[in-house]
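The figures that follow rest on heavy atoms only: side chains count, while hydrogens, waters and symmetry mates do not.
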Amino acid sequence: MSTPVEAPKASGSNMPEWVRPVKTTEDPVLKVYNSLTRTKEEFVPTQGRRVDWYNCGPTVYDASHMGHARNYLTQDIVRRILRDYFGYDVNFVMNITDIDDKIILRARESHLLAETIKSHPALSSDLVTTAKTAFTAFVQRKLLKALPTPIDPPSGDNEDGLAHFDAILQKATSDAEFTTAAKEKEEKFTMYLASLSKASEAIRLAEKRLTAQEGGAEAVKELVDGAADVLGPYLGETLGHTIQDPILVSRELAAYWEGKYFEDMDRLHVLRPDTVTRVSEYVPEIVDFVQRIVENGFAYEGGGSVWFDVTKFEGAEGDGFRHEYAKLQPGSKGNRKLLDEGEGALTGSQGKRQAADFALWKAKSKPGEPAWPSPWGEGRPGWHIECSVMASEVLGRGMDIHSGGVDLMFPHHDNELAQAEAYHGCQQWVNYFLHTGHLHIEGLKMSKSLKNFITIDEALRDYSARQLRLAFMLQSWNAKMDFKKDLISDVKAKEETIDNFFTNVKARINQAGTGPSPDGKHHYDEAEKTLMADYHRAQHEFRVALCDSFNTFAAIGVLMDLIGKTNVYFARSPTYNAGVIETIALWVSRMLRMFGLGEGENTSIGWGKAGDAAAGGVDLEQHLDKYIKAMSSFRDEVRKIAIAGGSSKDILVLCDRFRDQELVNLGVQLDDGQGADGGALYKLVDPAILIRQREEKAQAAADKAAKKAATAAAAEAKRIAALEKGKTPPLELFKPPQVAEGLYSKWDENGLPTHDGEGKEISKNAGKKLVKDWNAQVKAHEAYLAWQQEQK
């Protein structure tokens, strides 16, 4: 009977040491930069795998621009990483701000401008006078305040806005120091000049038409549209009370621009929110929320408005904690400019006790403003309270993530936090605040006055949605981003490298086919082992990058490095393992699609663009027809050459033309000699890309030929110029008119000077130089005569 063997003792585990896994690489932990703590913190959702996320959405009163793209594309990338890479169930809530001072102003002005056009079937002196009055008001209210030094109108009449503007414009265009000082005083100075210039042209044209007794409905529209920047605010001030349904007018404008916003986001492939909240749909809840804050002692009524009492809130005792105000940007508490901008252009200060207090509910100040009922009278919600209420209604007493642009940190997000924490009686309403960085264009802040303001629609005319997304991914999401030509060049280069990688891999996989290797060998040798080790290392480094607060720049770098190593493998390996390259290409494809850089199934190689499928649902015969026609036509040409007894050179020329013309137009790229058997390797590529490359190659060849021709022409011109110098016979070289009259006075029988103009004998050294020049001219003249003989 044998003696039992005692199992080894496990330290801290029932598993024997010899079967316990050995951990060789630390698994990275996801850390996120949190604006609340200004540090990177481990990301720990409060409800397991579910992430509650509230994102500040757009204020819908105008077209979305590249600043919006920077914010919403960046949030979309992070959302996809959390959902599709880390596997979280992301509950993404976004608001639409459709009640706001900017919307009220824009809606009111747009409505009144449209009504003006509708009510004037033809130009009238009254309408032109109104436009001139509005122009003068704009000059006085906006432009004069921006001037570093006063400028009087030529007539001395300050009511003559057009003449006054002309004087200011002349000064601005002729005095650079004056313009610089004006811009420093008012950053919108250049924009004011542009608006007034456009309005001035429209008004003066209308005056000419009136004098000529011309001008129908189209002339009215040209005047109103041209002067809209000055006429709109004036009509809003003087005729705003005539609007019958201000709520409807504001809602129509907001609904229009909301639709345009989502169209732009769809074009950028930004995921739709799981829940969309609109302020106009939450007014009753906002009123109740404000009432609770008042009851909790952190707000007061004044002048029909309700104001948040910052002093009472800050430092107030909670359940084992003290309330803090301006957690995100404590240094901005007393910034009056930011506080005033946060309140809005239509918000007064009646009833406000302290400068730092902000409006929770705004009293209706003028007729024609949209207003809703409340215990404090008719009014509308304050901007900051809107998000606090909607986020609380959908997500409850707290959330994991709150996001928005860095420009919203103070006062908007700081005020949101204060309101919500005053309402809920909690210390921390948001766990992680994510703020995307500013967008600059070529080093400058995007601004209409700088003429670098780019709407999303304009951007998508020059760049694809993928290129914009990739550009944003090559920058840190929470840092200032500079959108410049060098960045786009880098993006396009990376995109082309990835395109070529996918087409190369697919071509080689198609050539290799499926099943066992034809030569019966495994082809998993040192090169393949090294490449697979690179692949597994890349997967780890990719995870490390994304765990480092979503470092997409580093993650893309990992993918590009792996693609480069795979390309080196292709170049160095006469044979290749299709399984290895397919595994790598599929992973790269999945990661790119995870970022939203492509769409489609995760079982295919490539970006997953629409239309990648071979037939795309089209009838097979219809799909193959153009390829069969091309092959049939090629065969006919080969037969003609053979029947006519043509040479092999003729056939090769035909083959090259078939490769470079017909196949390129069909999206087939042939790489001669690149196949495993030494034949051609075929790749399926977007025909537009191949055609563009062919045209660029042809253009480069044409440019090279033109440069060569220009060089040859220059050389020929230089040769002819040298020959022309030999036109003068040596005997006449030193005599007038070849030299100045009186330079020499005597010559020998060969025409060489012996005495200078004053009758003095030429010195020995000077004579040697003259002989040298004479001998050179003898050779040049002989060459000239020979050239002339050739021309006959």
Side-chain angles (χ1 to χ4, degrees), residues 52-57 59 91 93-101 103-104 246-247 250-251 254 273 275-310 312-314 316 318-319 323 325 342-344 346-348 350-353 357-365 369-399 402 411-430:
D52 283 337
W53 183 341
Y54 181 84
N55 184 46
C56 268
T59 301
N91 177 26
V93 181
M94 188 188 78
N95 75 293
I96 298 291
T97 298
D98 59 355
I99 299 176
D100 180 81
D101 288 12
I103 295 173
I104 293 170
I247 291 178
S250 290
R251 186 175 292 156
T275 304
V276 175
T277 62
R278 296 173 186 84
V279 179
S280 60
E281 299 169 353
Y282 279 82
V283 175
E285 288 84 354
I286 291 172
V287 170
D288 292 342
F289 202 95
V290 172
Q291 183 66 51
R292 170 77 70 84
I293 296 175
V294 172
E295 292 169 357
N296 288 348
F298 295 116
Y300 58 89
E301 187 273 336
S305 298
V306 179
W307 304 93
F308 189 87
D309 195 325
V310 171
K312 282 193 175 180
F313 175 78
E314 189 165 20
D319 187 9
H323 285 298
Y325 177 66
E343 288 302 289
L346 297 175
T347 307
Q350 186 178 357
K352 183 160 69 166
R353 296 173 185 171
D357 294 349
F358 53 90
L360 303 180
W361 184 262
K362 300 179 180 182
K364 180 179 178 180
S365 58
E369 288 184 7
W372 290 260
S374 82
W376 316 282
E378 284 197 330
R380 61 184 181 277
W383 175 33
H384 316 299
I385 196 68
E386 297 168 346
C387 286
S388 296
V389 175
M390 291 184 289
S392 294
E393 283 293 315
V394 178
L395 299 177
R397 287 175 55 86
M399 68 198 74
H402 193 319
H412 184 54
H413 287 160
D414 268 323
N415 288 357
E416 265 192 71
L417 285 170
Q419 294 162 160
E421 289 166 6
Y423 174 88
H424 293 295
C426 65
Q427 183 180 16
Q428 185 167 317
W429 185 54
V430 174

**Asked** Under 3.5 Å, side chain of W307 to main-chain N/O of G302, donor-acceptor pair present?
**Response** yes
**Item:** Qualifying residues under side chain to side chain donor-acceptor pair (under 3.5 Å), relative to S250, sequence neighbours excluded
**Value:** none
**Message:** Tell me the closest heavy-atom pair linking E421 and Q428, and the distance in Å.
**Reply:** OE2-CA, 3.7 Å
**Request:** Please confirm whether the backbone N or O of C387 pairs with a side-chain atom of N95, one donor and one acceptor, at under 3.5 Å?
**Result:** no
**Message:** Check this for me: K312, atom NZ, are more than 12 non-hydrogen atoms of other residues, nucleotides or ligands nearer than 6.0 Å?
**Reply:** no
**Request:** Begin from the C-alpha positions of D101 and R380 and carry the test side-chain contact (heavy atoms from CB on, under 4.5 Å) through to its verdict.
**Result:** CA-CA 10 Å; D101 288 12; R380 61 184 181 277; 3.1 Å; yes
**Request:** Under the side-chain contact (heavy atoms from CB on, under 4.5 Å) rule, what do I286 and E386 come out as? Steps first, then yes or no, please.
**Result:** CA-CA 7 Å; I286 291 172; E386 297 168 346; 4.3 Å; yes
**Message:** Return the CD1 to CD1 distance between I104 and I247, rounded to the nearest 0.5 Å.
**Reply:** 10.0 Å
**Request:** List the atom of C56, the atom of E416, and the distance in Å for their closest heavy-atom pair.
**Result:** SG-OE2, 3.7 Å
**Approximate separation, where rounding is to 0.5 Å, of Q419 CD and D414 CG** = 11.0 Å
**Request:** Please examine the side chains of I385 and V306, heavy atoms only from C-beta on, and report whether any two atoms are closer than 4.5 Å.
**Result:** no
**Request:** Give me the ring orientation class for F298 and F313: parallel if the planes are under 30° apart, tilted from 30 to 60°, perpendicular past 60°.
**Result:** perpendicular
**Message:** Could you report the tightest heavy-atom contact between V279 and P381, atom names first, then the distance?
**Reply:** CG1-CG, 4.3 Å
**Message:** Nearest 0.5 Å, please: how far is CZ in F308 from CG in N415?
**Reply:** 8.0 Å
**Fill in**
Quick note, salt bridge (Lys or Arg N to Asp or Glu O under 4.0 Å) partners involving residues 279-288, not counting sequence neighbours, are R278-E281
**Request:** Measure the shortest side-chain to side-chain distance between M390 and M94 over non-hydrogen atoms and say whether it is less than 4.5 angstrom.
**Result:** no
**Message:** Could you walk me through whether Y282 and V394 satisfy the side-chain contact (heavy atoms from CB on, under 4.5 Å) test, starting with their C-alpha distance in whole Å, then the side-chain angles of each, then the deciding distance to 0.1 Å, before giving a yes or no?
**Reply:** CA-CA 11 Å; Y282 279 82; V394 178; 4.0 Å; yes
**Asked** Hey, what do you get for CH2 (W372) to NZ (K364), rounding to the nearest 0.5 Å?
**Response** 10.5 Å
**Item:** Exceeds 12 heavy-atom contacts within 6.0 angstrom, atom CD of Q350
**Value:** no
**Complete:** Scanning both residues in full, the closest heavy-atom pair of P370 with P246 reads N-CB, 3.5 Å
**Prompt:** Which atom pair, heavy atoms only, marks the closest approach of V287 to P373?
**Reply:** CG2-O, 4.1 Å
**Any side-chain heavy-atom pair of E301 and V294 under 4.5 Å** = no
**Item:** Side-chain donor-acceptor contact under 3.5 Å, D357 with Y300
**Value:** yes
**Asked** What is the distance from atom CH2 of W383 to atom NZ of K362, rounded to the nearest 0.5 Å?
**Response** 9.5 Å
**Complete:** For A391 and Y54 the tightest heavy-atom approach is CB-CD1, 3.6 Å
**Asked** Which of parallel (below 30°), tilted (30 to 60°) and perpendicular (above 60°) describes Y423 and F289?
**Response** parallel
**Request:** Measure the acute angle between the ring planes of Y325 and F358, then classify it against the limits of 30° and 60° as parallel, tilted or perpendicular.
**Result:** parallel
**Request:** Starting at CD of E393, measure out to OG1 of T277 and round the result to the nearest 0.5 Å.
**Result:** 10.0 Å
